[in-house]
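Below: the structure, in structure tokens.
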Amino acid sequence: MQVLILGSGQLARMMALAGAPLNIDVIAYDVTTDRVVHPLTQAYYDLTLGDAIAQVQVITAEFEHIPYDVLDLCAASGKFQPNPEAIKAGGDRRLEKALLDRAGVANAKYQLVASRQDLEQAINHVGLPMVLKSALGGYDGKGQWRLKTAEQADAIWDEMAEFLTATPNQAIVAEEFVPFDREVSLIGARDVEGNVAVYPITENVHVNGVLNLSTAVMGNEAVQQQARDMFAAIANSLNYVGVLAIEFFDVAGNLLVNEIAPRVHNSGHWTQQGADTCQFENHLRAVCGLPLGSTQLIRPTAMINILGEDSLADAVYAQTNCHVHWYGKERRAGRKMGHINVSAESAAHLEQALAIIGRHLDAQAFPALPREMAYAVD
Ligand code: AMP
């Protein structure tokens, strides 16, 4: 079986690694260079996108910012999963909000803003403080503004107006500021028969809008059930096939959807060491028409993102149950270069292991890591 992935970054790379034992061969399409490449080496294949579409049995995506003509071409082959509507919604906050409303899942109050007048209305309808987000191209907290007081509105509007003119079809979604207690995500998969399997929820720590630390959380049944129900509502409404990630705000035990990612997700990387079947394998299983693998947690696990660093102290590699995953990328400040998965026999031991690793990692590069143990464990 050969699968073409739209996008050739680390997610395609990790799907290729997960597919190999199943005899699933992965090739990737680099949307920027319009080249078909090997997902590990990035070596070019002598194939056009059309050749690759004709050659493979299945087509899927590792990111949502795919030009519509490419997406439509792939969908027309009848080989593309998940539903292209999901990909489009993942790349456009207007479509995403409409999708969440249609699926009947709770999300932050919002209004579209295209003019200074709209902004005034949004201040009344959505309230202050508010978060203003670009509809297109926003990820990792990019293209966002915070409006705290009505006095700031003129200045922020000037900035946004410039931004709106710079990109065709761009828009702004004004969203209520949610005073969340924590951010969690749910990664799950839905197969071609409509069976759904979800992983335990993951607690996520972002710094400057970028994910730093994800920890699989067990024993929070009420929140897990809410997240699962919302996952099923969204996935079923799209007749979704593949892995889908949903990011939530947790406000006193009530979840509001922040955003969806129609693909494997950074906050699900811990499943490589912490779950029976990792998210990358389950995505391939789903889109290739195989039964889903078990999503059960096998041991408490956390993931640390490596941002802008291309080496780690030997002491990190030497830690028990510590797995380093590099993405083979050239170093750039703040760039996602790899991640570290850390497992332990209990949640308390995991906290301890993170604190030990934290002491070997630069506090500026890894700000979300604990360095002191909250309590001692044996
Ligand atoms: P996003 O790109 O929408 O995931 O936003 C990046 C980060 O900004 C989120 O992970 C939150 O920490 C924060 N954020 C986004 N939207 C809101 C909101 N409506 N209220 C509070 N914080 C938010």
Side-chain angles (χ1 to χ4, degrees), residues 11 14-15 17-22 24 60 81-82 182-204 211 213-236 240-248 250 253 255 260-304 320-323 325 339-354 377:
L11 302 179
M14 289 186 275
M15 279 193 267
L17 292 168
L22 297 176
I24 297 174
T60 189
Q81 295 280 20
R182 59 176 183 161
E183 293 187 85
V184 298
S185 57
L186 186 76
I187 315 295
R190 186 173 179 277
D191 70 14
V192 285
E193 286 171 7
N195 298 305
V196 165
V198 302
Y199 292 95
I201 55 167
T202 307
E203 193 169 319
N204 301 315
L211 184 64
L213 179 67
S214 285
T215 310
V217 184
M218 291 298 287
N220 207 329
E221 288 315 317
V223 173
Q224 178 77 28
Q225 189 58 41
Q226 261 184 75
R228 193 195 180 287
D229 289 348
M230 286 162 139
F231 180 95
I234 295 169
N236 290 339
Y240 193 93
V241 175
V243 163
L244 168 73
I246 307 181
E247 293 185 75
F248 302 94
D250 180 346
L255 297 184
I260 63 163
R263 54 174 168 81
V264 290
H265 192 255
N266 196 170
S267 69
H269 291 358
W270 66 264
T271 61
Q272 291 169 311
Q273 264 75 47
D276 252 341
T277 314
C278 75
Q279 62 165 350
F280 305 101
E281 178 175 335
N282 257 337
H283 184 73
L284 289 175
R285 281 173 174 250
V287 298
C288 292
L290 293 169
L292 299 177
S294 161
T295 50
Q296 191 144 358
L297 186 100
I298 48 175
R299 49 191 180 171
T301 300
M303 183 228 55
I304 306 157
T320 315
N321 291 342
C322 177
H323 296 264
H325 299 253
H339 67 270
I340 308 167
N341 284 332
V342 187
S343 298
E345 65 194 77
S346 69
H349 284 95
L350 181 58
E351 178 79 22
Q352 183 179 46
L354 286 173
V377 278

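These numbers come from the heavy atoms of this one structure, side chains and all, not from hydrogens, waters or symmetry mates.
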Q. When rounded to the nearest 0.5 angstrom, what is the spacing between CG in Leu350 and CZ in Arg299?
A. 10.5 Å
Q | Ile187 CD1 to Thr202 OG1 distance, which is reported to the nearest 0.5 Å | A | 5.5 Å
Q) So which pairs with a foot in residues 222-232 pass salt bridge (Lys or Arg N to Asp or Glu O under 4.0 Å), sequence neighbours left out? A) none
Q. Ring pair (Phe, Tyr, Trp, His ring centres under 6.0 Å) with Phe280: which residues, sequence neighbours excluded?
A. His269
**Q.** Side chain to side chain, Ile304 and Leu354, heavy atoms closer than 4.5 Å
**A.** yes
Q | With sequence neighbours excluded, residues passing salt bridge (Lys or Arg N to Asp or Glu O under 4.0 Å) with Glu203 | A | Arg182
Q | Minimum-distance pair of heavy atoms, taken over all atoms of Ala286 and Val241 | A | O-CG1, 3.5 Å
(Q) Nearest 0.5 Å, please: how far is OG1 in Thr271 from CG in Asn282? (A) 8.5 Å
Q: Work out which heavy atom in Ala189 is nearest to a heavy atom in Leu292; give both atom names and the distance.
A: O-CD1, 3.6 Å
(Q) Please list all pairs meeting salt bridge (Lys or Arg N to Asp or Glu O under 4.0 Å) that have one or both residues in residues 281-292, counting only residues at least two apart or in different chains. (A) Glu281-Arg285
Q. Listed by chain and number, what are the side chain to side chain contact (heavy atoms under 4.5 Å, CB included) partners of Ala227, not counting sequence neighbours?
A. Leu186, Ile201, Phe248, Leu255
(Q) When you compare the side chain of Ile24 with that of Cys288, does any pair of heavy atoms fall below 4.5 Å? (A) yes
Q. Any donor-acceptor pair under 3.5 Å linking the side chain of Ser214 with the backbone of Met303?
A. no
**Q.** From Ser185 atom OG to Leu211 atom CG, the distance as rounded to the nearest 0.5 Å
**A.** 7.5 Å
**Q.** Minimum-distance pair of heavy atoms, taken over all atoms of Leu297 and Trp270
**A.** CD1-CZ3, 3.5 Å
(Q) Can a donor-acceptor pair be found, under 3.5 Å and without considering hydrogens, that links the side chain of Tyr199 to the backbone of Gln279? (A) yes
Q: Name all residues meeting the side chain to side chain contact (heavy atoms under 4.5 Å, CB included) criterion together with Glu193; count only those two or more places apart in sequence or in a different chain, and write none if there are none.
A: Asp191, Asn195
Q: Applying side chain to side chain donor-acceptor pair (under 3.5 Å), name anything that partners Gln81, two or more places apart in sequence or on another chain.
A: none
**Q.** Exercise: identify the closest heavy-atom pair between Cys278 and Ala18
**A.** SG-CB, 4.1 Å
Q) Just how far is it from atom OG1 of Thr215 to atom CG of Leu213, taken to the nearest 0.5 Å? A) 4.0 Å
Q: For Thr301, check side chain to side chain donor-acceptor pair (under 3.5 Å) against everything at least two apart and list the hits.
A: Ser343
Q.
Let me confirm one number: the CE-NE2 distance from Met14 to His325, rounded to the nearest 0.5 Å.
A. 8.0 Å
Q | Flag, side chain of Asn321 to backbone of Ala344, donor-acceptor distance under 3.5 Å | A | no
Q: Any pair with a residue in residues 260-278 that passes salt bridge (Lys or Arg N to Asp or Glu O under 4.0 Å), sequence neighbours left out, goes on the list, sorted by first then second residue, please.
A: Glu64-Arg263
Q) Does the side chain of Asp250 come within less than 4.5 Å of Val223's, by heavy atoms? A) yes
Q: Tell me, please, which residues at least two apart from His265 pass ring pair (Phe, Tyr, Trp, His ring centres under 6.0 Å).
A: none
Q | Pairwise side-chain contact, Val217 with Pro200, heavy-atom cut-off 4.5 Å (strictly under) | A | no
**Q.** Partner residues of Tyr240 under the side chain to side chain donor-acceptor pair (under 3.5 Å) criterion, sequence neighbours left out
**A.** none
**Q.** Pairing residues for His283 by the ring pair (Phe, Tyr, Trp, His ring centres under 6.0 Å) criterion, not counting sequence neighbours
**A.** none
